[in-house]
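Proteins get letters first, then strands, A, B, ... in listed order; numbering begins at 1 in each. The basis for the numbers below is simple: all heavy atoms, side chains too, and nothing from hydrogens, waters or symmetry mates.
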2 protein chains.
Amino acid sequence: MSKPLIFILDDEPEIRSLLSDVLQEAGYDTQSFGRAASFEIALAQRTPDVCLVDLSLPDTDGLTLVHRLALEKGAVVIIISGRAQVQDRVTGLELGADDYIIKPFDPAEVVARIRARLRGARPAIQSGMTARFNGWTAHFDRYMLEDESGAQTPFSHAESEVLRLFLEAPKRLISRAQMQESLGATASESFDRAMDVRISRLRTKLREDPKNPQLIKTIYGAGYIFLGDVSWG
Amino acid sequence: MSKPLIFILDDEPEIRSLLSDVLQEAGYDTQSFGRAASFEIALAQRTPDVCLVDLSLPDTDGLTLVHRLALEKGAVVIIISGRAQVQDRVTGLELGADDYIIKPFDPAEVVARIRARLRGARPAIQSGMTARFNGWTAHFDRYMLEDESGAQTPFSHAESEVLRLFLEAPKRLISRAQMQESLGATASESFDRAMDVRISRLRTKLREDPKNPQLIKTIYGAGYIFLGDVSWG
DNA sequence: TCTCAAATCTAACGAATTGTAACACCTGCA
DNA sequence: TGCAGGTGTTACAATTCGTTAGATTTGAGA
């Protein structure tokens, strides 16, 4: 469970294997399905980080599937479809898809779009290199964490990457896959552990109670949520 | 909260006014710029939620601009470009753009894609989401259950799912099927048992008398009913 | 009422996930 | 060269949560 997992649902075998090859090349784990039935069975067991879905399926209405996926699972959903009409794209996106790619597609673009999605659309943050949250002030330009009392603690670059990710998306679930993507992960097999360690070190500097962290919450099997009230500037 | 703010940067006046009209129609505030210089000045003052950027600008290298925007501001960046080569799209996305739309574009699709991007920014946890019932206070933002006396008991994510389900539908029968549906719908054969266990653990934390539960009632053969007097806030 | 099968409860186990201390390997610098 | 701090890796501890299995409860029918 270290690389982001991508489910591919398409009835054309050539497309499946093409996508599968390209994505594995790009450092993702993939699992392919030819029909919605088997796709859903697999979904019940694991939640992928991204779903690539073809709409023209023999055994289900693709749009309904996309809607459910986006709503219930929270996975990133990308539609890959031969239907090129603007109306198709609009309804697909309205129903919850995060992107819509038209066949024939270029594999490189698919990879690029997946990366962009995993990186995550960040909410707009104020310009400036400092953020305030729950009594702390993080100075990213100086790599300094400031106490309510003004006491300073330095933090390293690796720690700043994690902290920035949290502060840019407070109160949102951040999956490990997203972190890996955002932190320029080298897709190393054991990067999961490295991330744990980064977070652990960050927690120490934020003086979190190990038994009961207030700011960085772990969601078992899903990721982390940063619970601070953040303001940039 | 006011309307999301969108900055439009394009050197063609017709495109600017077209986008501007459509987006205002769709409920956004917009601000248009014909050249990068004025765009950057405005950026220094306000941070938009979304930037629509044309890459073929007279006075700046668009890609550099996008890179800076994405990196420093964290705004959602959507490139609108006449350059249709796959390579252009890939590098644009790699540099931090969140989407890449090719000219000529359909206004409806632009709106749909903006919506899709902004949708992802919703918080997973509302700040201060708490519910009171029968002397207890459930803090879903902190995963904490609070006693009348103020004593705190943490609860896990899995437990929070069940508890939230109950608190959102108090005094109503909740069938096991409904639960399964709401709790990730892993139609696993033995998921029934897993749910029992979750409820059992929840009961323990709520200090229910096993012989005579006051809050979570089992309806043999039908489901459960939560009997608390719930008030959210 | 009594009996029994189905439904439910829960203690205990174990697989998967996460936390973190300790170590190793860098890099930059005096 | 030696030192200091940063960072990934390893190894092991702790936690979460589904599963199992046996006990207990329920309600329909005898």
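Residue-to-nucleotide contacts include no donor-acceptor pair under 3.5 Å from the side chain of A:Arg201 to the base of D:dG6.
In this structure, B:Trp232 has its ring center closer than 6.0 angstrom to the ring center of B:Phe140.
Atom CZ of A:Arg193 is separated from atom C1' of C:dG19 by 8 Å (rounded to the nearest Å). Straight-line distance from the NZ atom of B:Lys217 to the C1' atom of C:dC9: 15 Å, rounded to whole Å. Rounded to whole angstrom, the span from the CG atom of A:Asp192 across to the C1' atom of C:dG19 amounts to 13 Å. We find that CD of B:Glu161 is positioned 15 Å from P of D:dT16, with the value rounded to whole Å. Between the CG atom of B:Leu206 and the C1' atom of C:dC9 there is a distance of 16 Å, given to the nearest Å. Between B:Arg203 atom CZ and D:dT24 atom C1' there is a gap of 13 Å when expressed in whole angstrom units. Across the protein-nucleic acid pair, B:Ile216 atom CD1 and C:dC9 atom P stand 10 Å apart, rounded to whole Å. Atom pair A:Met195:CE and C:dT20:P shows a separation of 14 Å (rounding to whole Å applied).
B:Arg198 comes within contact range of the sugar-phosphate backbone alone, with a heavy-atom separation under 4.0 Å but no base atom that close. Residue A:Tyr224 is classed as a sugar-phosphate contact, given heavy-atom separations below 4.0 Å to backbone atoms only.
Distances shorter than 4.0 Å separate none of the side-chain N or O atoms of A:Ser156 from OP1 or OP2 on D:dG5. Remark: B:Ser200 is not in phosphate contact with C:dT8, judged by side-chain N or O atoms under 4.0 Å from OP1 or OP2. In this structure, A:Lys211 reaches the D:dT15 phosphate: one of its side-chain N or O atoms is under 4.0 Å from OP1 or OP2.
At least one donor-acceptor pair closer than 3.5 Å links the side chain of B:Glu208 to the backbone N or O of B:Gln214.
Of all non-hydrogen atoms in B:Ala131 and B:Leu167, the two that sit nearest each other are CB-CD1, 3.8 Å. Of all heavy-atom pairs between B:Gly228 and B:Asn134, the closest is CA-OD1, 3.2 Å.
Looking at the side chain of B:Tyr220, the nearest of the listed nucleotides C:dT18, D:dG18, D:dG27 is D:dG27. Set against C:dT8, D:dG8, D:dT20, the side chain of B:Val197 has D:dT20 as its closest nucleotide.
Comparing B:Thr204 and B:Arg176 along DNA chain C, the residue whose closest nucleotide (by nearest heavy atom) sits nearer the 5' end is B:Arg176.
Remark: A:Arg172 is not positioned above the aromatic ring of A:Phe226, lacking an NZ or CZ atom under 6.0 angstrom from the ring centre and at most 45 degrees off the axis.
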